[in-house]
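Here's the structure, in structure tokens; my notes come after.
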Amino acid sequence: MEPRYDVNEVEARIYKMWEDAGWFDPEKCIEKGVTAPDAEPFSIVLPPPNVTGTLHMGHAAMLAVEDIMVRFARMNGKRTLWIPGTDHAAIATQSKVEKDIVKAEGKNRHDLGREEFLKRVRAFAQESHDTIVRQVKRMGASLDWSREAYTLDDKREVAVRTAFKTMYDLGLIYRGHRVVNWDVKGQTTISDDEIVYEERKTKLYTFRYGLLADGSKFPIPIATTRLETKFGDTAVAVHPSDERYKQYVGKTFDVDYCGTPITVKVIADESVEKDFGTGALGVTPAHSMIDWEIAQRHELPFKTIIDEFGKMTVENPLVHGKKTAEARAIAADALRAAGLIEKEEEIMQNVATAERTGGIIEPLPKLQWFIAVNKPFGEKQKTLKELMKSGVTEGGIKILPERFERVYFNWIDNLRDWCISRQIWFGHQVPVWYCLHCQTPQINASITNHWYVMRHGQTDWNKEERYMGHREIPINETGHAQVVTAAEKLSDKGIDVIISSDLLRCKETAEIVGKKIGIAPIFDERLREIDEGAWEGLLKSEVIEKYPDTWKTRTDLDNERGGAETWRDVSKRVHEAFNEYRQKYKGKNVLLVTHGGSIGTLEAGLRGFPEGKIPPGKDHASFMEIEIAEDKCPQCGHDLYEQDPDTLDTWFSSGLWPFSTLGWPKKTKDLETYFPNSVLETGYDIIFFWVARMILMSEVLMGGIPFRRVYLHGLVRDDKGRKMSKSLGNIIDPLTMADKYGADATRLSLIIGSSAGNDLKLSEDRIRGYRNFSTKLWNIARFIQMNKPEGELGASTADGHVYIKELNDVKNAVTAHIENFEFHLAGEKLYHYVWHRLADEIIEQEKTVLRDGTPEEKAERYALLTSLLLGSLKMLHPFMPFITEEIWQIFRPGTMLMVERW
RNA sequence: GCGCGAUUAGCUCAGUGGUAGAGCGUCACAUUGACAUUGUGAAGGCCGGAGGUCCGAUCCCUCCAUCGCGCACCA
């Protein structure tokens, strides 16, 4: 044996050896006779690391714990499956990549466009994935890579769509107009759990509305921190038993708020606290979750006065278009001037901010997709909340440590409907298609082919704002560049046919795209722009001057415009062409290149707009996508659709993980064998995000629990108990540690001294300590090896020896500890036994015999010590897989410790 | 406001109804030994505070303090 244990050489070699042997795959183990075909299954899924970067110590701790369970199960003859995977982590990944791009190129995602931006995100995710996989292997995790999954791969896409459809059909997923958490900075909705509250100082104002009738004051003073939202008040709520205000309950008042007339009804609601503020609450249903709920109970109207950008939309000259903070100050001044403010006090307030972007959360009413958690469904007529609870109370899920069951129940009690749609680009697109004509949603529409309707590139006349009908104007340099960019985007759409207007600007556009994708365009004069007649070539200003009357009504269908053609004429020929080609190229992907006006009339018709209404104009070289479905819309009989542009909350797909990784919705052998999972091991910080959602999804889609046991580990902190973070500079990188001290030592440092649900303080010193243990173990083996007698060995007489009995006691204790999820105790016990008993005492004591004994005595002691060593290696293997396997290879070549029986 | 966790040696943490243990650190001695370091030994703790239950409490109960965390509220 080498005098020195070379960590890096050994660990790389050994992992490859395991992988090549195929024993990470339980089916191969059965094939090779290592596992009995009817053995009890043990299954666990890896909590998929986000593809946002690299592995950290938390991951390493998770891998260590899970690998112990998995290796222990495997060595105990169980049919053991541990599935690896990664998580696309929608918002997290998207914002990480966008931040990087902004920093490097000064562009945001809108500058790049959806397609190009997604391409970048995917490239980043791929790179990140590769790194993570390498790192996971470096830690020695015995995962079955043949079953690797990704929350955004094709198989999981099928799972997501099936889940969505099933839940929609059950009435659990609905589209609703409700107040959501709107992240102004990130421009998306987020769920309640993605909010972090920041404590800030703010002013609590007590004010009164002015009565509209006589300018006197509203009888009830109201306290608020958000004066700017009071434009949206539709009620004042007081506690039902509040004597002060009882006389007003049920009455409606027309009042003035900073110059805006509003109507408020005084209502009584239990949720109002008599002792807070004035005991009266101005109800702003559109901009507060709580107020929205009150409004629902009392059937109050709501008035939206803030938009997606956090700006005021209320028609009040003082604040219109202003940001909320500004509007608040303005309202305060106005009220003060009117003598309507009664009190101003400084208070501490929790401000809702978005976890990922740090932006302020503005509650806004929006049309979004939700999962109903309080709606009874299915045969049992139970709600999701009830099922999530019963999974733990009766369903057999045990959470360790137990105290987290309480935390879990508490969370369920406070759970609101889960908003699952996000306005970001990276993720599973909502599998809903809206009928272009009547907007009726269809889930998982079977789309057969696509049409892309594209506008030509810019011409000089466009630039000069000159009316351009049938005149042959070429596209200019800008237009050319626009078309080239568009052609790039269109090149991977599988376009079969290109049809274009025969006017030069479209012709050129179609030819550039056609060249890029290798298709010769077809030209059709019916797709031309409107014939502008007398308007042709005139500047917009000239038309306004010369034809003021027709210009005013220029979008009317029957407006004569330049005297040549009306929009009704255009609409007729464009639709005629469209319908004809639809028949002719059934099932083909078609690109239609045409003009702004033609697109407008076509789109207005397809969308079933009322006469005169026109869709917003399209940019040069931009294209709209129309999807054609196999089934006609049940509502209106049309078959043109467009998909919901939103994506799903990343936790929707991770919620399916325990069964989507096993092949669901297909009825696979894996699903049958390995579901429900034996254990779910993860950090306690994602019990709500993930654990709860997996239980939810499984209860609905699998009709039962997703796993039997939940083991929650703590957070890894630095030696002072702080979170590890880049800004603190206290990150201990698991890979650096593995290279320096070995993955084995790193693993052990994460196991010993940490128990379920408790945070672990880690320092490099600790890891070094366990490296010393590795060295010790190596030298124990080396010493025994050095004392190997010459020639044939006699039969071992070790059995029954007091040392062996002692080893068995250790084994029993260690086994019990592992079975009870007390990995730290097992590890400590082994550490102590190997170093302080085996090395310090037993070996020391036998040294004299090994030096001075008869050959028989020497052989006997050698056999005894070898038994002790190999027994220790087995027990240590789940904790320190590399070094134990390496030593085993020296003593028992041709066999593999990884699949030895425990 | 509700709830949870922690408080044990200088540091990091185990632990048990019968008046305490590990690792690291410190000190002394030994050792070129199988040991890129190891061995032997030592010092060091009224087990956060106050009550209670018990023959006996670090452990069980109650209250308090400090630190940390979660949830809710936040007009």
Side-chain angles (χ1 to χ4, degrees), chain A residues 1 3-6 192-193 195 197 199-200 202 204-207 220-227 229-230 233 236-239 269 271-284 288-291 294 347-352 401-415 684-685 687-688 714-715 717-723 748-749 752-755 757-787 822 824-825 827-829 831-832 835-836 839-841 843-844 847 850 865:
Chain A
M1 280 175 78
R4 228 183 106 190
Y5 175 63
D6 183 349
D192 295 346
D193 302 283
I195 292 177
Y197 291 96
E199 212 169 61
R200 283 182 201 173
T202 191
L204 179 67
Y205 299 93
T206 304
F207 78 100
I220 308 172
I222 287 166
T224 184
T225 56
R226 298 204 62 190
L227 286 174
T229 66
K230 301 286 107 187
D233 282 12
V236 169
V238 299
H239 195 271
D269 195 280
S271 68
V272 180
E273 248 177 82
K274 274 192 275 189
D275 301 330
F276 191 95
T278 62
L281 159 68
V283 183
T284 322
S288 152
M289 204 70 88
I290 300 292
D291 292 8
I294 294 173
I347 59 159
M348 289 307 281
Q349 192 197 210
N350 282 332
V351 179
E402 220 168 310
R403 65 186 141 92
F404 282 99
E405 287 187 5
R406 222 185 232 270
V407 178
Y408 173 78
F409 290 134
N410 180 258
W411 178 80
I412 294 175
D413 287 340
N414 293 310
L415 188 60
Y684 67 75
D685 52 330
I687 181 167
F688 308 136
L715 270 41
R717 297 172 176 279
D718 75 358
D719 57 353
K720 293 181 189 68
R722 302 172 303 182
K723 266 195 175 172
L748 215 49
S749 74
I752 297 180
S754 105
S755 51
N758 294 321
D759 293 354
L760 165 77
K761 285 179 202 162
L762 185 72
S763 65
E764 191 167 337
D765 268 350
R766 278 170 49 86
I767 304 173
R768 194 184 307 124
Y770 293 112
R771 187 274 318 270
N772 292 348
F773 179 64
S774 299
T775 308
K776 190 73 181 178
L777 184 62
W778 182 254
N779 282 297
I780 291 169
R782 206 155 77 92
F783 176 77
I784 295 172
Q785 179 74 355
M786 283 164 75
N787 285 288
E822 298 160 335
H824 60 297
L825 295 182
E828 227 170 322
K829 186 119 202 155
Y831 179 96
H832 199 261
W835 197 323
H836 300 299
D840 289 350
E841 293 172 1
I843 290 181
E844 286 304 323
K847 270 183 179 170
L850 287 169
L865 291 179

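By convention in this document, chain letters (A, B, ...) are assigned in the order of the sequence lines, proteins followed by strands, and residues within each chain are numbered from 1.
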Side-chain donor-acceptor pairs of residues 273-282 of chain A under 3.5 Å, sequence neighbours excluded:
residue, atom, partner, partner atom, Å
A:Lys274, NZ, A:Ser241, OG, 2.9
A:Thr278, OG1, A:Pro221, O, 2.6
A:Thr278, OG1, A:Ala280, N, 3.3

Exercise. side-chain contact (heavy atoms from CB on, under 4.5 Å) with A:Lys761: which residues, sequence neighbours excluded?
Worked result: none

Problem set entry | Range-with-range stems of RNA chain B (Watson-Crick or G-U pairs under 3.5 Å, three or more in a row) | B:1-7 with B:65-71, B:10-13 with B:21-24, B:26-30 with B:38-42, B:48-52 with B:60-64

Exercise. How would you list, by chain and number, every residue that makes a ring pair (Phe, Tyr, Trp, His ring centres under 6.0 Å) with A:Tyr684, sequence neighbours excluded?
Worked result: A:Phe404

Exercise. What residues form a salt bridge (charged side-chain N to carboxylate O under 4.0 Å, His left out) with A:Asp291, not counting sequence neighbours?
Worked result: none

For this session: Would you indicate what A:Gln785 reaches in the nucleic acid, counting non-hydrogen atoms under 4.0 angstrom: base, sugar-phosphate, or nothing?
Result: nothing

For this session: Side chain of A:Lys761 only, please: which of B:U12, B:A34, B:C74 is the nearest?
Result: B:U12

Find every protein N or O atom lying less than 3.5 Å from an N or O atom of nucleotides 67-71 of chain B, and list the pairs.
residue, atom, partner, partner atom, Å
B:C71, O2', A:Asn410, OD1, 3.1
B:C71, O2', A:Asn414, ND2, 3.0

For this session: Take atom CG of A:Asp413 and atom C1' of B:C73, then tell me their distance rounded to the nearest Å.
Result: 16 Å

For this session: Could you give the distance separating B:G21 and B:C4 at their C1' atoms, to the nearest angstrom?
Result: 27 Å

Exercise. So what does A:Ile290 hit on the nucleic acid, given a heavy-atom distance under 4.0 Å: a base, only sugar-phosphate, or nothing?
Worked result: sugar-phosphate

For this session: Determine the contact category for A:Ser755: base if any of its heavy atoms lies under 4.0 Å from a base atom, sugar-phosphate if only primed atoms, P, OP1 or OP2 are that close, otherwise nothing.
Result: sugar-phosphate

For this session: Please collect all side chain to side chain donor-acceptor pair (under 3.5 Å) contacts where either partner lies in residues 406-415 of chain A, sequence neighbours excluded, each pair once.
Result: A:Asp193-A:Trp411, A:Lys389-A:Asp413

Exercise. How would you list, by chain and number, every residue that makes a side-chain contact (heavy atoms from CB on, under 4.5 Å) with A:Arg717, sequence neighbours excluded?
Worked result: A:Leu715, A:Lys723, A:Asp759

Problem set entry | Any A:Arg782 side-chain nitrogen or oxygen under 4.0 Å from OP1 or OP2 of B:C35 | yes

Exercise. Which whole-number value in Å describes the distance from A:Ile687 CD1 to B:G5 P?
Worked result: 14 Å

Exercise. For A:Thr284 and A:Arg226, what are the C-alpha separation, side-chain angles and deciding distance, and is it a side chain to side chain contact (heavy atoms under 4.5 Å, CB included)?
Worked result: CA-CA 10 Å; A:Thr284 322; A:Arg226 298 204 62 190; over 6 Å; no

Problem set entry | Sugar-phosphate only, base, or nothing, as touched by A:Ile752 at under 4.0 Å among non-hydrogen atoms | nothing

For this session: Classify the nucleic acid contact of A:Ala839 as base, sugar-phosphate or nothing, counting any heavy atom under 4.0 Å across all strands shown.
Result: base

For this session: Can you sort out the partners of A:Asp685 under salt bridge (charged side-chain N to carboxylate O under 4.0 Å, His left out), two or more places apart, ordered by chain and number?
Result: none

Problem set entry | salt bridge (charged side-chain N to carboxylate O under 4.0 Å, His left out) against A:Arg403, all qualifying residues, sequence neighbours excluded | none

Exercise. Is there a side chain to side chain contact (heavy atoms under 4.5 Å, CB included) between A:Phe688 and A:Asp192 once you walk through the steps?
Worked result: CA-CA 11 Å; A:Phe688 308 136; A:Asp192 295 346; over 6 Å; no

Problem set entry | Contact pattern, 5' to 3', of nucleotides 37-42 of chain B - B, S or - by protein heavy atom under 4.0 Å | SSSS--

For this session: Quick one: list whatever passes ring pair (Phe, Tyr, Trp, His ring centres under 6.0 Å) with A:Phe773, sequence neighbours left out.
Result: A:Tyr831

Problem set entry | Phosphate-side-chain proximity, A:Arg406 and B:C4, N/O vs OP1/OP2 below 4.0 Å | yes

